[in-house]
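Below: one structure, written as structure tokens.
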Amino acid sequence: MNTPITSKNTALVLSGGGARAAYQVGALQAIAEIMPDRCGNPFPIICGTSAGALNATSLAVHAACFQEGVNALREVWAGFHSAQVYRTDWAGVLSGAFRWLTNLAFGWFNRGKPVSLLDNAPLQQLLSQALDFNRLPASIEAGHLRALCITACSYSRGDSVSFYQGASDLDNWARARRRGMRCDIGIEHLMASSAIPLLFPAVKLQQEYYGDGALRQLAPVSPALHLGAERILVIGSGMQSPEPKRFKRSGYPSLAEIIGHIMSSSFTDSLEMDIERLHRINNTVKQLPAEASTTLRPVDYLVLSPDLASIEELASQYASALPPAIRSFVRGSGMFKRSGSNVLSYLLFETDYTQALMALGYRETRAREVELREFLRPADAPPSNVYTLRRDSQRSS
């Protein structure tokens with residue numbers, strides 16, 4: 001394989017978003033086409049949360065060849081079905097609902113047993129077949145990968161924990177409501193990072209229970225910086241447009257709409273605020289005189305993310321692809337109304353929808369090819385200017 005074409009301090013950050021993470025695969029496919037054939041890994045530092053953690057790990061285990069990692073992801077997402085993530089048969093759906101309701105009313109019936117609305121055992125089986133975690137140490141030793149970082153939320157301490165596996169010179173960190181811990185990453189870390197509260201059961205790791213990494217992740221870009229990143233590509237799963245559309249409502253907001261706002265506060269709002277914070281720090285550093293002594297440093301970054309309205313429109317378009325048992329179970333929540341399609345966009349792990357998202361990610365990324373080529377320049381090339389927030393937030397049609 002060719003050696004990586006970027007510096008060891010270039011990071012890729014993949015946010016969470018359930019089925020929305022298919023957008024990331026399309027964007028990665030476009031990046032792979034921009035790269036030279038059979039090139040090494042352009043992102044030595046790879047960080048992922050929730051569904052983004054699954055994509056991040058797939059790239060990491062194929063770090064010797066970036067195109068192979070992207071092809072492996074595309075093969076899964078292009079033929080995705082909800083049954084590969086959670087049980088969609090009537091028996092599985094009803095048993096999960098019964099356990100959840102009985103635990104709510106008579107908690108002692110299920111004492112000590114994981115309780116959730118959906119059974120995500122199929123996801124664990126899929127990951128065990130698709131990912132070879134034994135390849136991680138070899139990739140790190142060979143220099144193809146500097147670090148893989150997977151973030152989950154600790155229910156015991158109420159903080160964000162970034163589990164990382166990487167080079168020997170990397171150290172743990174601890175900040176307000178977030179910490180980094182070295183470990184050997186396995187399926188259990190991915191299951192914990194993607195365990196959406198109430199929908200999927202929490203996972204026990206090192207005597208603590210963990211849930212979806214987006215829950216308390218106040219600074220999604222922070223793990224990449226702690227791992228030494230000086231240049232970061234962020235691929236999100238939906239950001240609010242400057243002037244979001246407003247829906248006319250005659251009655252009380254539906255359950256799906258309320259849950260959608262709660263999920264957005266975890267999966268998208270924190271990322272947008274962290275990018276804005278990074279933008280302000282960059283501007284502050286640029287204003288300092290050259291002789292000033294400071295630990296702050298500018299971070300070159302680029303953000304690829306679809307407009308939230310585009311994601312919701314696609315989810316509404318392909319709503320009928322949801323399995324019948326799930327469709328019947330959630331019909332009364334308002335999920336199939338336009339105002340409730342936000343929640344639907346997280347759960348719609350179906351081929352038509354994921355392929356449409358991949359196509360969207362591919363088109364929007366190819367439209368920014370000039371920026372990407374400059375951003376992923378060889379390590380010995382002259383540095384580029386730090387991108388502003390306005391430039392990062394542009395959406396390609």
Side-chain angles (χ1 to χ4, degrees), residues 1-4 8 10-14 16 21-22 24-25 27-29 31-32 35 37-81 83-86 120-152 162-168 170 181-195 200 203-206 210 213 223-224 227 235 349 354 358:
M1 301 302 162
N2 296 328
T3 56
K8 70 176 183 177
T10 300
L12 174 66
V13 175
L14 301 176
Q24 298 172 354
V25 180
L28 291 168
Q29 181 185 356
I31 294 171
M35 301 291 97
D37 291 339
R38 306 289 291 177
C39 75
N41 179 22
F43 306 108
I45 301 170
I46 305 178
C47 303
T49 302
S50 193
L54 314 185
N55 290 341
T57 304
S58 181
L59 293 177
V61 299
H62 294 93
C65 181
F66 182 65
Q67 283 88 349
E68 284 187 6
V70 173
N71 290 340
L73 276 176
R74 190 177 185 281
E75 183 177 349
V76 173
W77 283 93
F80 231 139
H81 294 287
Q84 294 175 279
V85 180
Y86 50 86
N120 62 345
L123 176 60
Q124 184 168 357
Q125 182 178 0
L126 174 66
L127 295 177
S128 64
Q129 296 172 350
L131 300 174
D132 183 3
F133 291 90
N134 293 325
R135 300 176 66 171
L136 288 176
S139 292
I140 295 170
E141 182 68 23
H144 300 303
L145 180 70
R146 178 158 175 77
L148 168 65
C149 180
I150 304 301
T151 299
S162 295
F163 299 99
Y164 71 92
Q165 184 172 352
S168 58
L170 297 174
M181 295 176 55
R182 179 186 292 275
C183 69
D184 292 332
I185 291 176
I187 291 178
E188 63 276 13
H189 296 90
L190 304 188
M191 296 298 293
S193 182
S194 58
F200 301 139
V203 177
K204 190 174 184 179
L205 295 170
Q206 301 174 359
Y210 290 86
L227 294 170
I235 306 183
F349 290 93
T354 57
M358 290 166 60

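The side-chain heavy atoms of Val13 and Phe43, taken from C-beta on, include no pair separated by under 4.5 Å. A heavy-atom distance below 4.5 Å is found between the side chains of Phe163 and Leu205. Contact check for Pro44 versus Thr10: side-chain heavy atoms found under the 4.5 Å cut-off. By the 4.5 Å heavy-atom criterion applied to side chains, Cys47 and Leu227 are counted as neighbours. Between Leu73 and Leu59, some side-chain heavy-atom pair lies under the 4.5 Å cut-off. Counting heavy atoms from C-beta on, the side chains of Phe349 and His81 never come closer than 4.5 Å. Using a 4.5 Å heavy-atom cutoff, the side chains of Ile235 and Leu28 are in contact. When side chains are defined from C-beta on, Gln206 counts as touching Met181, because their heavy atoms get closer than 4.5 Å.
When all heavy atoms are compared, the tightest approach of Ala167 to Ile140 is N-CG2, 3.8 Å. Of all the heavy atoms in Phe200 and Ala195, the pair that sits closest is CB-CA, 3.9 Å. In terms of heavy atoms, Ala21 sits closest to Asn55 at O-ND2, 3.4 Å. Taking every heavy atom of both residues into account, Gln165 and Leu136 meet most closely at OE1-CD1, 3.7 Å. Closest heavy-atom contact between Phe133 and Ile185: CD2-O, 3.3 Å. Between Gly16 and Ser50 the shortest heavy-atom distance is CA-CB, 3.7 Å.
Considering CE of Met191 and OG of Ser128, their distance stands at 10.0 Å, rounded to 0.5 Å. Here Ile46 contributes atom CD1 and Ser139 contributes atom OG; the two are 9.0 Å apart, rounded to the nearest 0.5 Å. The line from CD of Gln125 to CD1 of Ile187 is 10.5 Å long, rounded to the nearest 0.5 Å. Between the CD atom in Gln67 and the CE atom in Met35 there is a gap of 8.5 Å [rounded to 0.5 Å]. Atom-to-atom distance recorded for Leu123:CG and Leu190:CG is 8.5 Å, nearest 0.5 angstrom. Between Gln29 atom CD and Trp77 atom CH2 the span is 14.5 Å, to the nearest 0.5 Å.
The closest donor-acceptor contact from the side chain of His62 to the backbone of Ser58 lies under 3.5 Å. Using modelled atom types, no side-chain atom of Asn41 and backbone atom of Phe66 make a donor-acceptor pair closer than 3.5 Å. Within the 3.5 Å criterion, the main-chain N or O of Ala121 finds no donor-acceptor partner in the side chain of Gln124. Side chain of Thr151 to backbone of Gly213: no donor-acceptor contact under 3.5 angstrom is found. Judged by distance alone, with hydrogens and angles left aside, the side-chain atoms of Arg182 form a donor-acceptor pair with the main-chain N or O of Leu170 at under 3.5 Å. The main-chain N or O of Leu54 is never found under 3.5 Å from a side-chain atom of Thr57 such that the two would form a donor-acceptor pair.
In this view, Asn134 and Asp132 satisfy the side-chain contact (heavy atoms from CB on, under 4.5 Å) rule, not counting sequence neighbours.
The side chain to side chain donor-acceptor pair (under 3.5 Å) contacts involving residues 184-193 comprise nothing, where partners must be two or more places apart or lie in separate chains.
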